[in-house]
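Naming: A, B, ... by sequence-line order, numbering from 1 per chain. Computed from a prediction, not measured in an experiment: that's the story for all the values here. Heavy-atom basis, side chains included; hydrogens, waters and symmetry copies ignored.
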Number of protein chains: 2
Amino acid sequence: MSKNVATSPHASNGENSVKEACVRKAMEVIAEKGLEGLSLRAVARALGISHQAPYKHFPSRDHLLAEVTRRCLIDFAQALRTSGANDEGDALPPQQAMRKLGETYIRYALENPLAYRLMFSTPWPEAALELDLSRDARAAFDILVERISRLKPDTEGTTLRADALFIWTAIHGIAGAIESNAMQYLDFDAGEIEQALGHAMTLIDSAVFGAQQSETER
Amino acid sequence: MSKNVATSPHASNGENSVKEACVRKAMEVIAEKGLEGLSLRAVARALGISHQAPYKHFPSRDHLLAEVTRRCLIDFAQALRTSGANDEGDALPPQQAMRKLGETYIRYALENPLAYRLMFSTPWPEAALELDLSRDARAAFDILVERISRLKPDTEGTTLRADALFIWTAIHGIAGAIESNAMQYLDFDAGEIEQALGHAMTLIDSAVFGAQQSETER
DNA sequence: CTATTTGGTAGACGGCGTCAACTTGAAGTT
DNA sequence: AACTTCAAGTTGACGCCGTCTACCAAATAG
């Protein structure tokens with residue numbers, strides 16, 4: 001029976017191993033050729049290793065995919081976390097901070113469509129259960145909850161979470177529409193798109209944070 | 001040069017052909033084994049024809065997928081269309097009609113997750129360009145616009161479409177969250193889910209249709 | 001020094017999408 | 001009636017893919 005948890009029996013120094021390289025290369029491949037274009041064999045080929053080598057680190061393609069998803073979730077949470085306190089600390093007016101968070105959210109979706117699709121727009125691979133993907137998703141969600149609670153300090157926890165879920169899903173919806181070119185095929189021209197996006201953000205804002213009417217959008 | 005548009009040279013009477021059977025079987029397969037579980041060969045096998053027969057009707061797997069998507073869009077539009085005037089005509093109060101449309105929307109997403117994912121949660125196959133998928137998507141969207149315009153008769157067209165897009169995307173987001181079990185892994189229990197969904201619908205409602213405050217949800 | 005474990009290799013199997021070549025039979029032309 | 005055409009169906013092959021099995025080497029544990 002083995003007592004040590006992990007040893008490094010072969011090449012591959014203790015830090016950045018073939019496993020890391022696989023994950024990174026997988027992200028590249030997904031970025032280039034799309035989610036269904038990812039294949040373990042292609043990753044192995046690009047890394048100059050045999051087509052079976054990745055299997056020593058990931059039991060299946062789905063496990064690799066799940067690991068990539070996990071990285072995306074962590075990265076996404078980090079983006080949200082650093083969105084509020086950017087330059088001079090946390091001094092921005094509350095509504096602006098919220099608006100900024102929303103923009104961060106959408107910008108992230110725009111700049112990382114692959115990550116976005118992996119996290120929120122595709123059924124997680126079953127391997128997600130073995131890794132603890134939901135834990136990382138919760139971490140991102142909790143950032144949102146915490147931000148809202150600062151803007152509505154006197155709100156009950158359940159309502160807070162319901163508000164957060166609304167924002168979470170509403171922005172997912174918007175991001176999904178952007179990613180899938182929905183606005184184009186629904187015949188929105190460029191100006192209309194921008195206007196409609198602003199309108200949507202304003203509606204979300206006012207739905208959750210109430211009264212101040214929104215003539216800023218025009 | 002052939003003058004007739006279509007003849008029926010082989011078996012297959014003029015109405016329901018192998019093509020139809022392929023589409024239907026494809027929908028079954030997707031329902032059972034998921035989107036990526038669909039293969040032309042499996043469809044052909046289930047239909048008792050050779051693995052190449054479907055290629056006489058669909059240039060590629062993606063074209064079959066696009067055709068399935070088209071059916072889903074048409075069916076979805078029909079569901080929306082029949083949502084308002086169900087029993088006694090169109091006599092329901094406006095807000096209730098809107099609420100009902102929203103529920104139809106979400107119920108549809110719940111009962112046809114495959115259709116839903118095809119239409120709104122996966123990048124359309126490239127074959128979508130050759131068929132006119134966007135036309136059918138627009139038809140569904142226009143139903144929503146038309147419904148809203150009845151509730152806000154004095155609204156400008158652009159704003160109307162922006163409102164509709166907000167509802168469209170917001171509900172897509174909610175449906176996506178339901179479909180991917182987001183609420184479960186975000187630690188919402190059954191009661192909280194129901195409450196949060198109602199909350200979200202109320203927020204959408206009040207964001208678009210304004211004033212009447214929402215104590216109906218508690 | 002030997003045994004075990006870990007990370008790597010090569011090969012095979014079946015399933016997939018798709019290209020190519022061949023067959024067949026219904027329709028249109030003369 | 002004979003001939004041509006051509007859509008619809010067939011079998012076969014090719015090159016990918018995920019994954020199973022078997023083998024191999026080196027580092028560590030005892």
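- Checked for salt-bridge contact, Arg150(B) and Glu146(B) meet the test: a charged N lies under 4.0 Å from a carboxylate O.
- Comparing Gly48(B) and Lys56(A) by the nucleotide of DNA chain D whose heavy atom lies nearest to each, the residue mapping closer to the 5' end is Gly48(B).
- A salt bridge is absent between Lys100(A) and Glu103(A): the closest approach of a Lys/Arg side-chain nitrogen to an acidic carboxylate oxygen does not fall below 4.0 angstrom.
- With sequence neighbours excluded, the residues forming a side-chain contact (heavy atoms from CB on, under 4.5 Å) with Pro125(B) are Asp62(B), Leu65(B), Ala66(B), listed by chain and number.
- Ser50(B) comes within contact range of at least one nucleobase, with a heavy-atom separation under 4.0 Å.
- One finds a side-chain N or O of Arg45(B) lying less than 4.0 angstrom from the OP1 or OP2 phosphate oxygen of dC16(C).
- Judged by atom type and distance alone, His51(A) does not reach the base of dG8(C) through any side-chain donor-acceptor pair under 3.5 Å.
- If you measure from atom OH of Tyr55(A) to atom C1' of dT6(C), you get 19 Å, rounded to the nearest angstrom.
- Tyr108(B) is linked by a ring-ring contact (aromatic ring centres under 6.0 Å, His included) to Phe76(B), counting only residues two or more places apart in sequence or in another chain.
- Of the residues in residues 57-72 of chain B, those lying under 4.0 Å from DNA chain D by heavy-atom distance are His57(B).
- Of the residues in residues 26-34 of chain B, none has a non-hydrogen atom less than 4.0 angstrom from any atom of DNA chain D.
- Annotation: cation-pi pair Arg138(B)/Tyr185(A) absent, no NZ/CZ under 6.0 Å from the ring centroid and within 45° of its normal.
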Distance-only check: which donor-acceptor pairs under 3.5 Å involve side-chain atoms of residues 164-177 of chain A, not counting sequence neighbours?
| from | atom 1 | to | atom 2 | distance (Å) |
| --- | --- | --- | --- | --- |
| Trp168(A) | NE1 | His172(A) | NE2 | 3.2 |
| Thr169(A) | OG1 | Leu165(A) | O | 2.9 |
| Thr169(A) | OG1 | Phe166(A) | O | 3.0 |
| His172(A) | ND1 | Tyr105(A) | OH | 3.3 |
| His172(A) | ND1 | Tyr116(A) | OH | 2.5 |
| His172(A) | ND1 | Trp168(A) | O | 3.3 |

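- Leu40(B) places its CG atom 7 Å from the C1' atom of dG17(C), with the value rounded to the nearest Å.
- Here the CG atom belonging to Asp163(A) is positioned 4.0 Å from the NZ atom belonging to Lys152(A), to the nearest 0.5 angstrom.
- The ring-ring contact (aromatic ring centres under 6.0 Å, His included) contacts involving residues 22-73 of chain B comprise nothing, where partners must be two or more places apart or lie in separate chains.
- Taking for each of Ile49(A) and Arg41(A) the nucleotide of DNA chain C with the nearest heavy atom, the 5'-most of the two is the partner of Ile49(A).
- In this structure, NZ of Lys19(A) is placed 12 Å from P of dG8(C), rounded to the nearest angstrom.
- Using a cut-off of 4.0 Å between Lys/Arg side-chain N and Asp/Glu carboxylate O, Lys25(A) and Glu32(A) are scored as not salt-bridged.
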